[in-house]
There are 2 protein chains.
Amino acid sequence: MRPAYQDIVDTITRRIASGVYRPGSRLPSEAQFCAEFRVSPMTLRRALNILLDQGLILAEKGRGTFVRPLGLTDCVFRLEDLEGGWVDESTSVRLLAASTTKASDRVAEKLALEPGSRVVYLRRLVLKGERPAMYHVEYVIFDPRRPLVESQLQITPLAGLLSGDRGNTFPRGTVTLRALSLSAEAARVLEEPVGAPALCLEHVFEDNERRPVSWGWFLLRADLFQLTARLGPEWQASQEVDRG
Amino acid sequence: MRPAYQDIVDTITRRIASGVYRPGSRLPSEAQFCAEFRVSPMTLRRALNILLDQGLILAEKGRGTFVRPLGLTDCVFRLEDLEGGWVDESTSVRLLAASTTKASDRVAEKLALEPGSRVVYLRRLVLKGERPAMYHVEYVIFDPRRPLVESQLQITPLAGLLSGDRGNTFPRGTVTLRALSLSAEAARVLEEPVGAPALCLEHVFEDNERRPVSWGWFLLRADLFQLTARLGPEWQASQEVDRG
DNA sequence: CGCAATCACTTCCCTAGGGAAGCTTACAGT
DNA sequence: ACTGTAAGCTTCCCTAGGGAAGTGATTGCG
């Protein structure tokens, strides 16, 4: 039913979590594991590879594999499971502004354009129920020769931009996360006091030729959104039990 | 020299990045790939598995494998590559306070203790050169029966807590990231105006039995620290060229 | 025409080996 | 005592298949 390599992954993970294999210590060789689990080397190797790039173990060629000691810095935060959620039933998007303007120096620099080039300027407000939650500002290049723009311009289904459902996805991009205080304008829109803390999610999307296509940022109310990561071994309970 | 599966991963990645394989479209079957790259099914499968859990492709049993359309939410932020850095030559740690006190209600709740139990209270300041950068507050359970405490108590090498070098690592934990405004005390220590924005990194570490061992948080000056993630296909340049 | 069975194609899992390359240790020769 | 070598570990990579299970189109039968 369940793949053998998955059972092996879980078993070893459990042993690490429960302290049978301690951080830093060497664990049995591949040959020994093959004998214990009664599988071929290839299958065992597959299990180890999974643990390897989960970062739970650490292999040194010719010496052995070891339990990797974990530190705070091993945390990974997935934007996918942002607490506060991106979209659910109560979510609605309100378009505050959409126009084409000439790029300011700052915008032109970010988008690698000549100053004064035409760009599309967008401002959206995402509401959870009645409450403003995110404020989104974005500048998109306006170049008839590049076909990407129109897909970007379908405004309301912000969802498409977030989780790449349909065509309006970008092949590449850079996203940076930081904290800041709300400006007067952002504070007004988000119905927060000026200077209130917020998470800022700045993004630059690029096309296939690595040219920037859009620059913008989300402002997330600090009281509604946070990121959580779990550190250390985690496994799904397996129904199977040794009946040897 | 270079493993074959790695070359395959890079080649497919490059094709996705350059638009040869478009988002959502089906890519060749495993058999076809085997024929093209002249490798055995197992090797090809290995390459696909890597792309699979990089999230670049998406396989549906019986139907085929497809290029996965990406969205903003696919970003992952690694605490490891925090911009502003955790430790380098100019980093020093100053211990502001270390004492044992009775746990307040809030602390007792977080650590799952009886209110009034003894806990170790720590406050550290991390400096980059002369400049305060992070402020760390932590509560550690004080229980002679649990041996973990002493390793936690070696204060100055904060590095050990961050990247698990030696023994003072915890098997498990939860870390949450959010934005907030500096309290009066934190602002004074970090030499920032009261109410300045900061990233807050709250952490709870647990022992093998999943009992909380320590609770605390880092406050990171918003002007010094941010997290960056790259979205989309990325590959290492391979020196090898087709000479068929 | 409608429905069910078949068949081709797909992803996915596993076996049973061989061999390259790196590290450690023991042992021989100097 | 020291050094170079060889043996025996180790991780790592690859081949060449077989078979299970899911999907979709085609075909044959009522």
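Computed from a predicted model, the values in this text were never measured in an experiment. FYI, side chains are in, hydrogens and waters are out, and symmetry mates aren't considered; it's all heavy atoms of this structure.
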Considering residues at least two apart in sequence or located in another chain, which fulfil the side chain to side chain donor-acceptor pair (under 3.5 Å) criterion with [X]?
X: B:S18; answer: none
X: A:Y135; answer: A:R123, A:E185
X: B:S25; answer: none

Considering every strand and a 4.0 Å limit on heavy-atom distances, what is the contact class for A:A4: base, sugar-phosphate, or nothing?
sugar-phosphate

Heavy atoms only, 4.0 Å cut-off, all strands: where does A:T43 land among base, sugar-phosphate and nothing?
base

Do the side-chain N or O atoms of B:S29 get closer than 4.0 angstrom to the phosphate oxygens (OP1, OP2) of C:dC9?
no

With respect to B:W215, which candidate in B:E138, B:H203, B:E202 satisfies the side chain to side chain donor-acceptor pair (under 3.5 Å) definition?
B:E202

Scan residues 34-42 of chain B against DNA chain D and write down, sorted by residue number, each residue with any heavy atom closer than 4.0 Å; if none is found, say none.
B:R38, B:V39, B:S40, B:M42

Is the shortest side-chain heavy-atom distance between B:Y5 and B:N49 below 4.5 Å?
no

Would you say B:T73 and A:D81 make side-chain contact, with heavy atoms under 4.5 Å?
no

Looking at five pairs on each end of the helix from C:dC1-D:dG30 to C:dT30-D:dA1, what is the angle between the two axes, given to 10 degrees?
20°

Heavy-atom contact window of chain A on DNA chain D, given 5' to 3' at under 4.0 Å
D:dT10 to D:dC14

Classify the ring geometry of A:Y139 against A:W217: parallel below 30°, tilted from 30° to 60°, perpendicular beyond 60°.
tilted

Any donor-acceptor pair under 3.5 Å linking the side chain of A:Q6 with the backbone of A:P3?
no

Close approaches to DNA chain C from residues 44-61 of chain A, in residue order (heavy atom, under 4.0 Å)
A:R46, A:K61

Partners meeting salt bridge (charged side-chain N to carboxylate O under 4.0 Å, His left out) with [X] (sequence neighbours left out):
X: B:E30; answer: B:R45
X: B:R210; answer: A:E234
X: B:R68; answer: B:D74
X: B:R15; answer: B:E36

For a quick test of your reading: what N or O donor-acceptor pairs under 3.5 Å do the side chains of residues 50-66 of chain B make, sequence neighbours left out?
from  : atom 1 : to    : atom 2 : distance (Å)
B:E60 : OE1    : B:R63 : NE     : 2.9

Separation of C:dT24 C1' from A:R26 CZ (nearest whole Å)
11 Å

